[in-house]
Undergrad: 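Just passing along the structure, written as structure tokens.
Atoms considered below: every heavy atom in the structure, side chains included; atoms not considered: hydrogens, waters and symmetry mates. Order of appearance sets the numbers: ligands from 1, and atoms from 1 within every ligand. This is a predicted model, so every value here is computed, not measured.
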Amino acid sequence: MSHSTDKVRNIVIAGHGQTGKTTLFEHILFAGGVIPRAETLESGKTTSDSTPEEIERKISIHSALGHVERDGTKINFFDTPGSSDFTGDVISSFRASEMAVLTVDGKSGVQIETIKLWRNLDERKKPRGVFITKLDNDQADFAKTLADIKEKFKIEPVPVTIPMGSGGGFKGVIDVLHEKAYLSGGDTVEKESAIPDEFKSASASAREKLIEAAAEGDDGLMEQYIEKGSLSPDEMKKGLIEALAQNKYVPAFAGSALRNSGIIPLLDFAADVAPNPRIAKDIMVDAEGKETEIPIDPDKPVSALVIKTNYDQFSGKLTWVKVINGKLTADSEAHNVTENKKERIGKLYTCQGKKLEEVRELFAGDVGIITKSATLKTNDTLSAVDTGKTFVHLRLPEPVHSIAVSAAAKKDDDKLGEFLVRAAEEDKTFNYHYNTETRETVISGMGELQIHIILDRIKANQKIDVETRVPKVAYRETITKKASAEYTHKKQSGGHGQYGKVLLEIAPLPRGEKYQFVNAIFGGAIPKNYIPGVEKGVIEGMAHGTMASYPVVDVEVKVVDGKYHPVDSNELSFKLAARNAFREAMKQANPTLLEPVMNLTVFIEEKYLGDVMSDLSGKRGKIHGQDSAGGIAEVRAEVPQVELLRYSIDLRSITSGTGSFSVAFSHYAPISGRIADEVIKARAEFKVQEADE
Ligand SMILES: Nc1nc2c(ncn2[C@@H]2O[C@H](COP(=O)(O)OP(=O)(O)OP(=O)(O)O)[C@@H](O)[C@H]2O)c(=O)[nH]1
Ligand SMILES: [Mg+2]
């Protein structure tokens, strides 16, 4: 069945690893009557962790979508992976949802991924709530977890539900908004009951706070609240909707998904208060790069964004779309603006995990699946007609972990390549490229685990043995002082000879400026038509420096003088002369090696700070800054890339798997002494090997 925009809600469940997202998602579907029983994670039969790799590892790797109906409203929920290795699917689910619910473990409190996800939601100005889970655990503490959230995010969450008892004495939750108690259900859906006397005052004071939050919704309500000291239930609801849409408060929910507790009030809140998709805007960009905000609106011609694609064993390729405008209709045609071609839309589906349900149409705001489109890919824009505007691409973090791969048997090279192309298409945080400089195929992604899983898939599905290595670093060479050199290329062989003489002056440029070619020839010492030949020669010379044959950068090359022969000169002669003149000049210009340096940000528990710092200093890191709040530290540093090639592994062992980090290229920096000698030596060995091949 299709749902109109006003009858759709999209909520993404996200949170630190193992905080119970999948269990919550499963119990939501159970409470919503979608599945006859809620399966445990341990059984390997949950709706959302359905792929063999998820079942085997007992973690979520892919996002999953499901929905429940509440008073005619379809509430889509995304279950997302908690490990930062699979952040790509979290980000696409954020893009498609108007609200997030972050799960926080009632015992562990705010964890590293919670902080990163919170920041990401801040950047998107996305409304969010927190679901404090596992309150059945002995040391779980709802109030303490709220205090932790307040300390770390400088915002006081407003409870919509509060727990009745904790740990072994956990009995259920009170829905403060609807003034009802729910006894935890165990194996069945939780049951409504009257609020027990002992919790009446806690419930009343929580309701007071909720009313205050509602009053923030608009000025009229605030006046009303100040005047009368309260709000009617209708006003309260209206205020909560408004204030949440404006991201003015963070609703907090208590519960234990495993015990079927806190689910019904969450669903009621989702249906009553969670944002209507119409509050959200997406962004389109035209050919000139001009951005326009596009509100979600069913009354405009259709437009939709492909948020992800994946392959299902039974259904084949699935293309997930978020409809932004109008409605997408089955068996119709749309324009793929990204590819500038017509796209046939066959059947449309919604889904419950991997189970597809056919629908005729998907309205603006909704998320659904197109099957059997060979061509659609993530980030594509579908439109009614060619508007020349596309939705901006998903903003994904830079890869943090790379390895070089090759097929153990040469005959499998092509098959490996094909597989990698498909893997990169399916997971936008996974990249692969052939580095012509180092002659390696390098795959990179968000962490060791992600890469590992992809390699396992190759082995299992393609029966290819893959060899892996730490990738080589792309060093550069540059010069540190001015120099000049001349070179005459002369050859006499039968008829026409070859002749060209070039005098070059080279000078260092500021870091990052790469290359500048200046023609300073006056009076025709080298005729104009040979200057392109000179420049080609310089470019060829710069492709392989004189130290270790790495590309040369940040050099100004000025051709100042030369000589030509009316008969024997040609472009080739000037090219060869220039190439050799460049090499001669470079040797005299105090050349140096440059290594890539990365900006590194590390998130760790404070207790590991000392170890992380000393490890970074051993890695030639320069610490730029450090912040700590409530037991979690963030360290920012500049570290040479070569030291970070296995950082995923190092950080995991220092922090027992709790740390996480991001890296991005910063700049090239000179190296000398022993470090440079090692690079030159390794490169010489590589060249010898290459020559042997
Ligand atoms: N005691 C208790 N355990 C829970 C609860 N919810 C989940 N768990 C357990 O916590 C573990 C992790 O649960 P998941 O639902 O897989 O957590 P997740 O957040 O989806 O994990 P990732 O997707 O890998 O990040 C499993 O062993 C669950 O049985 C709960 O409410 N109470
Ligand atoms: Mg999960």
Undergrad: N/O to N/O below 3.5 Å, does that happen between D136 and ligand 1?
TA: yes
Undergrad: Please check this pair: side chain of D85 against backbone of Q450, looking for a donor-acceptor N/O pair closer than 3.5 Å.
TA: yes
Undergrad: Quick check on salt bridge (Lys or Arg N to Asp or Glu O under 4.0 Å): which of K7, K74, R9 does D366 satisfy it with?
TA: K74
Undergrad: Measuring from non-hydrogen atoms of T133 to any atom of ligand 1, is the shortest distance under 4.0 Å?
TA: no
Undergrad: For atom 18 (P) of ligand 1, which candidate among K21, R57, H62 provides the closest heavy atom?
TA: K21
Undergrad: Measure the CD1-NZ distance between I264 and K191 for me, rounded to the nearest 0.5 Å.
TA: 11.0 Å
Undergrad: For T22, take its heavy atoms, then give the atoms of ligand 1 lying under 4.0 Å from any of them.
TA: 15 (O), 18 (P), 20 (O), 23 (O)
Undergrad: Hey, is T40 one of the residues with a heavy atom under 4.0 angstrom from ligand 1?
TA: no
Undergrad: I want to know if ligand 1 touches D79 in the polar sense, i.e. an N/O pair below 3.5 angstrom.
TA: no
Undergrad: For ligand 1, is there an atom lying under 4.0 Å from some heavy atom of E42?
TA: yes
Undergrad: Output the distance between atom OG (S63) and atom CD1 (I13), rounded to the nearest 0.5 Å.
TA: 12.0 Å
Undergrad: G17 to ligand 1: N or O pair under 3.5 Å?
TA: no
Undergrad: Output the distance between atom CD (Q352) and atom CZ (F25), rounded to the nearest 0.5 Å.
TA: 7.0 Å
Undergrad: For ligand 1 and I59, I'd like to know whether there is a polar contact (N/O to N/O, distance under 3.5 Å).
TA: no
Undergrad: State whether the shortest distance between N or O atoms of K58 and N or O atoms of ligand 1 falls below 3.5 angstrom.
TA: no
Undergrad: Quick one: does L609's side chain get under 4.5 Å of Q626's, heavy atoms only?
TA: yes
Undergrad: For atom 17 (O) of ligand 1, find the nearest protein heavy atom and state the residue, atom name and distance (0.1 Å precision).
TA: G20 N, 3.0 Å
Undergrad: Starting from atom 3 (N) of ligand 1, locate the nearest protein heavy atom and write down its residue, its atom name and how far away it is, to 0.1 Å.
TA: L258 CD2, 3.5 Å
Undergrad: Does the shortest distance from the Mg ion (ligand 2) to an N/O/S atom of T22 fall below 2.8 Å?
TA: yes
Undergrad: Keeping the roles fixed (side chain from K209, backbone from V158), state whether a donor-acceptor pair exists under 3.5 Å.
TA: no
Undergrad: Where is the nearest protein heavy atom to atom 22 (P) of ligand 1: which residue, which atom, and how far?
TA: Q18 N, 3.6 Å
Undergrad: Does any N or O of ligand 1 fall below 3.5 Å from an N or O anywhere on S256, backbone included?
TA: yes
Undergrad: Answer yes or no: is there an ion pair linking D79 with K21, defined by an N-O contact shorter than 4.0 Å?
TA: no
Undergrad: Given W320, which of D89, L376, L305, N310 fulfils the side-chain contact (heavy atoms from CB on, under 4.5 Å) condition?
TA: N310
Undergrad: Which residue and atom name correspond to the protein heavy atom nearest atom 8 (N) of ligand 1, and how close is it?
TA: K134 CE, 3.6 Å
Undergrad: May I ask you to check whether L41 has an N/O atom sitting below 3.5 Å from an N/O atom of ligand 1?
TA: no
Undergrad: Hey, do the aromatic rings of F603 and F661 have their centres closer than 6.0 Å?
TA: no
Undergrad: Evaluate whether atom CZ of R259 has more than 12 neighbouring non-hydrogen atoms of other residues, nucleotides or ligands under 6.0 angstrom away.
TA: no
Undergrad: If you count the non-hydrogen atoms of other residues, nucleotides and ligands that lie under 6.0 Å from NZ in K125, is the total more than 12?
TA: no
Undergrad: Look at ligand 1 and say whether G15 reaches it with a heavy atom at a distance under 4.0 Å.
TA: no
Undergrad: Is it the case that the side chain of D611 and the backbone of I654 share a donor-acceptor pair, with hydrogens and angles ignored and the cut-off at 3.5 Å?
TA: no
Undergrad: What do we get for L135 next to ligand 1 when only non-hydrogen atoms under 4.0 Å count, side chain, backbone, both or neither?
TA: neither
Undergrad: Identify the protein heavy atom lying closest to atom 28 (C) of ligand 1, giving its residue, its atom name and the separation to 0.1 Å.
TA: T23 OG1, 3.8 Å
Undergrad: With respect to the Mg ion (ligand 2), please indicate if S48 possesses an N, O or S atom at a distance under 2.8 Å.
TA: no
Undergrad: Got an N/O contact under 3.5 Å between L24 and ligand 1?
TA: no
Undergrad: Examine distances only and state if a side-chain atom of N137 and a backbone atom of A140 form a donor-acceptor pair shorter than 3.5 Å.
TA: no
Undergrad: Note the single closest protein heavy atom to atom 23 (O) of ligand 1, along with its residue, its atom name and the distance in Å.
TA: S60 OG, 2.8 Å
